[in-house]
Student: 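Have a look at the structure that comes next, please.
Proteins come first, then strands; the chains are lettered A, B, ... in the order of their sequence lines, and each starts at number 1.
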Amino acid sequence: MKIATWNVNSLTARLQHVLDWLIANPVDLLCLQELKMTDDKFPLEVLKSAGYEAASFGQKTYNGVALLSLSPLREIQRNIGGFEDEHSRVISATVDTPTGPLRVVNGYFVNGQAPGSDKFAYKMRWLDALRDWLRAEMAAHPRLVLLGDFNITPEDRDSYDPVGLKETIHHTTEERQHFQALLQLGLVDGFRLFEQPEKSFSWWDYRMLGYQKNRGLRIDHILVSEPLVPEVRSCTIDRVPRKWEKPSDHAPVVMELGG
DNA sequence: ATGGTGGGCAACCCA
């Protein structure tokens, strides 16, 4: 089976891209971020016609996440348990796979603007809450994937300019420690299970010809719990839709799982 | 060069 994550930067603006991408890449599960729409605007029927059951957790203008699945979504949960959050950033569900149930946690992590800002402080609190909640989630669901737009470069090699951008947003020691804390829960970065091209990124700024110059960051990730590691067959970034007209600034990350 | 582009929607917004 295949799973994927994609920050679409408005599902209203990108619905046709999503439908076109799914036709070319009929993944079993697609996790979306930055819907920028309320749930009453979510295109449930259009996705159903494309063969996908879906669950959304949106809000007006900002944030918003959704799960699109060929097979039924069970035990759908919204946001981080026990954490009061005005933003719609996490949606989780269980899907059945040939090798057992898979718990999926889809997150649009806080951007954080700049170190020292209120938004950065919120990012740190949010990451604290996510880690504490995930510890229990992983105990309850040993086969778990955490995927989405993390807004963190795990290492220097995940940035086009780690020297010039040292300790700026997406690159700070604090953010990277939070990423490591997720790994310490028993999660593994699926992308790094495989040899990958140098300068592999999942996001490129719209400005200054960012994509054309490959000035990007790898901030979209698929982390798998240890019991799933032997099942991971591949993990790749699909740059194709980033070349389409009016693209999202993010590219999808795709993982193939096999029994 | 402290810029620039894009989405949503009228916010000195948010990425």
Side-chain angles (χ1 to χ4, degrees), chain A residues 5-21 30-43 46 56-66 79 85-91 106-127 130 147-154 158-172 174-176 178-179 201-221 237-253:
Chain A
T5 176
W6 194 6
N7 178 323
V8 292
N9 186 21
S10 165
L11 186 56
T12 308
R14 228 68 63 193
L15 179 58
Q16 196 57 52
H17 278 27
V18 170
L19 296 170
D20 290 346
W21 189 81
L30 176 59
C31 301
L32 301 178
Q33 303 90 37
E34 279 208 88
L35 307 181
K36 298 188 174 182
M37 59 169 51
T38 49
D39 289 331
D40 60 301
K41 303 278 202 305
F42 187 80
V46 176
S56 67
F57 180 38
Q59 66 180 93
K60 191 173 152 73
T61 312
Y62 304 119
N63 311 311
V65 285
N79 259 345
D85 198 345
E86 292 178 9
H87 296 176
S88 302
R89 295 188 174 276
V90 180
I91 188 165
N106 172 25
Y108 174 49
F109 291 37
V110 179
N111 178 290
Q113 192 182 49
S117 68
D118 288 350
K119 286 173 186 165
F120 190 83
Y122 166 51
K123 183 174 196 171
M124 295 300 110
R125 282 191 287 110
W126 192 92
L127 287 163
L130 177 73
L147 74 176
D149 177 358
F150 285 52
N151 273 313
I152 300 172
T153 59
D158 300 310
S159 172
Y160 72 96
D161 186 10
V163 175
L165 296 172
K166 192 175 173 62
E167 294 300 332
T168 64
I169 197 65
H170 309 313
H171 300 70
T172 67
E174 279 178 280
E175 291 166 284
R176 288 179 176 178
H178 271 289
F179 189 88
F201 307 127
S202 65
W203 171 89
W204 301 261
D205 202 308
Y206 286 123
R207 296 166 287 187
M208 306 293 284
L209 300 172
Y211 182 73
Q212 290 86 334
K213 295 177 177 173
N214 198 29
R215 291 171 160 243
L217 306 175
R218 191 175 71 93
I219 55 177
D220 300 271
H221 307 296
I237 297 167
D238 182 6
R239 291 164 58 135
V240 170
R242 188 62 177 80
K243 300 172 183 136
W244 293 347
E245 202 174 332
K246 289 254 173 199
S248 167
D249 43 356
H250 294 252
V253 184

Student: Given the C1' atoms of B/dC9 and B/dA15, what is the spacing between them in whole Å?
Tutor: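 Approximately 15 Å lies between the C1' atom of B/dC9 and that of B/dA15.
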
Student: For A/Asp158, give me all partners under salt bridge (charged side-chain N to carboxylate O under 4.0 Å, His left out), at least two apart in sequence or on another chain.
Tutor: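 Once residues adjacent in sequence are excluded, the partners of A/Asp158 under the salt bridge (charged side-chain N to carboxylate O under 4.0 Å, His left out) criterion are A/Arg192, A/Arg218.
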
Student: Touch check for A/Tyr211, heavy atoms < 4.0 angstrom, all strands: base, sugar-phosphate only, or nothing?
Tutor: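 The residue A/Tyr211 makes no contact with any strand.
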
Student: Going by ring pair (Phe, Tyr, Trp, His ring centres under 6.0 Å), A/Phe179 matches just one of A/His170, A/His171, A/His221. Which one?
Tutor: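 Answer to the ring pair (Phe, Tyr, Trp, His ring centres under 6.0 Å) test with A/Phe179 among A/His170, A/His171, A/His221: A/His221.
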
Student: When rounded to the nearest Å, what value does the distance between P atoms of B/dG3 and B/dC13 take?
Tutor: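 After rounding to an integer number of Å, I get 15 Å for this pair.
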
Student: Starting from P on B/dA15, measure out to CD on A/Gln113 and report it in whole angstrom.
Tutor: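 After rounding, the reported distance stands at 7 Å.
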
Student: Please report the distance, rounded to the nearest Å, between CG in A/Leu15 and C1' in B/dG7.
Tutor: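 Atom CG in A/Leu15 sits about 15 Å away from atom C1' in B/dG7.
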
Student: Would you mind reading off the distance between A/Arg207 atom CZ and B/dC14 atom C1', rounded to a whole angstrom?
Tutor: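 So the two atoms are 11 Å apart, to the nearest Å.
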
Student: For B/dC14 and A/Lys119 - does any side-chain N or O of the residue sit under 4.0 Å from the phosphate oxygens OP1/OP2?
Tutor: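 For B/dC14, OP1 or OP2 has a side-chain N or O of A/Lys119 closer than 4.0 Å.
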
Student: Check A/Asn106, A/Asn7, A/Asn63 against A/Gln33 for a side chain to side chain donor-acceptor pair (under 3.5 Å) and give me the one that passes.
Tutor: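 With A/Gln33 as partner, side chain to side chain donor-acceptor pair (under 3.5 Å) holds for just one option, A/Asn106.
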
Student: If we take the C1' atom in both B/dG4 and B/dC14, what is their distance in whole Å?
Tutor: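 Between the two C1' atoms, the distance is 16 Å.
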
Student: Expressed in angstrom and rounded to an integer, what is the separation of A/Asn111 atom CG from B/dA15 atom P?
Tutor: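 About 5 Å, once rounded to whole Å.
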
Student: Under 3.5 Å for both distances, Watson-Crick or G-U wobble, that's the pair rule; now give the dot-bracket for DNA chain B, with | marking pairs to another strand and [ ] for crossing ones.
Tutor: ....(((.....)))

Student: Whole Å only: how far is the CG atom of A/Asp205 from the P atom of B/dA15?
Tutor: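 These atoms are roughly 13 Å apart.
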
Student: Take A/Tyr108 and A/His87, measure what side chain to side chain contact (heavy atoms under 4.5 Å, CB included) needs, and give me the verdict at the end.
Tutor: CA-CA 10 Å; A/Tyr108 174 49; A/His87 296 176; over 6 Å; no

Student: Map A/Tyr108 and A/Arg14 onto DNA chain B by nearest heavy atom, then report which one ends up closer to the 5' terminus.
Tutor: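 Looking at the nearest nucleotide for each, A/Arg14 comes out on the 5' side.
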
Student: If I take atom CG in residue A/Asp149 and atom P in nucleotide B/dC14, what distance separates them, rounded to the nearest angstrom?
Tutor: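 That distance rounds to 17 Å.
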
Student: Does a nitrogen or oxygen in the side chain of A/Lys60 sit under 4.0 Å from OP1 or OP2 of B/dC9?
Tutor: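 Affirmative; the distance criterion is met.
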
Student: Quick one: list whatever passes salt bridge (charged side-chain N to carboxylate O under 4.0 Å, His left out) with A/Arg125, sequence neighbours left out.
Tutor: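 A/Arg125 satisfies salt bridge (charged side-chain N to carboxylate O under 4.0 Å, His left out) with no residue once adjacent residues are dropped.
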
Student: Whole Å only: how far is the CG atom of A/Asn151 from the C1' atom of B/dA15?
Tutor: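 The answer, rounded to whole Å, is 8 Å.
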
Student: If you assign A/Thr12 and A/Gly112 each to the DNA chain B nucleotide with the nearest heavy atom, which residue ends up on the more 5' nucleotide?
Tutor: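 Its nearest nucleotide being more 5', the pick is A/Thr12.
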
Student: When all nucleic acid strands are considered with a 4.0 Å heavy-atom cut-off, which category describes A/Arg215: base, sugar-phosphate, or nothing?
Tutor: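 If one applies the 4.0 Å heavy-atom cut-off, A/Arg215 turns out to touch nothing in the nucleic acid.
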
Student: With a 4.0 Å cutoff (strictly under), does any side-chain N or O of A/Lys246 reach OP1 or OP2 of B/dG7?
Tutor: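 Result: yes.
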
Student: B/dG6 P sits how many Å from A/Leu209 CG, rounded?
Tutor: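 Between P of B/dG6 and CG of A/Leu209: 10 Å.
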
Student: Quick one: sort the A/Phe201 and A/Tyr160 rings into parallel, tilted or perpendicular, breaks at 30° and 60°.
Tutor: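 Rings of A/Phe201 and A/Tyr160: perpendicular, over 60°.
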
Student: Taking the six-membered ring for Trp, is the centroid-to-centroid distance between A/Trp6 and A/Trp21 below 6.0 Å?
Tutor: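 For A/Trp6 and A/Trp21, the ring centres are under 6.0 Å apart.
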
Student: Show the nearest heavy-atom pair for residues A/Ser88 and A/Gly58, with the distance to one decimal.
Tutor: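 Shortest heavy-atom contact: OG-O, 3.1 Å.
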
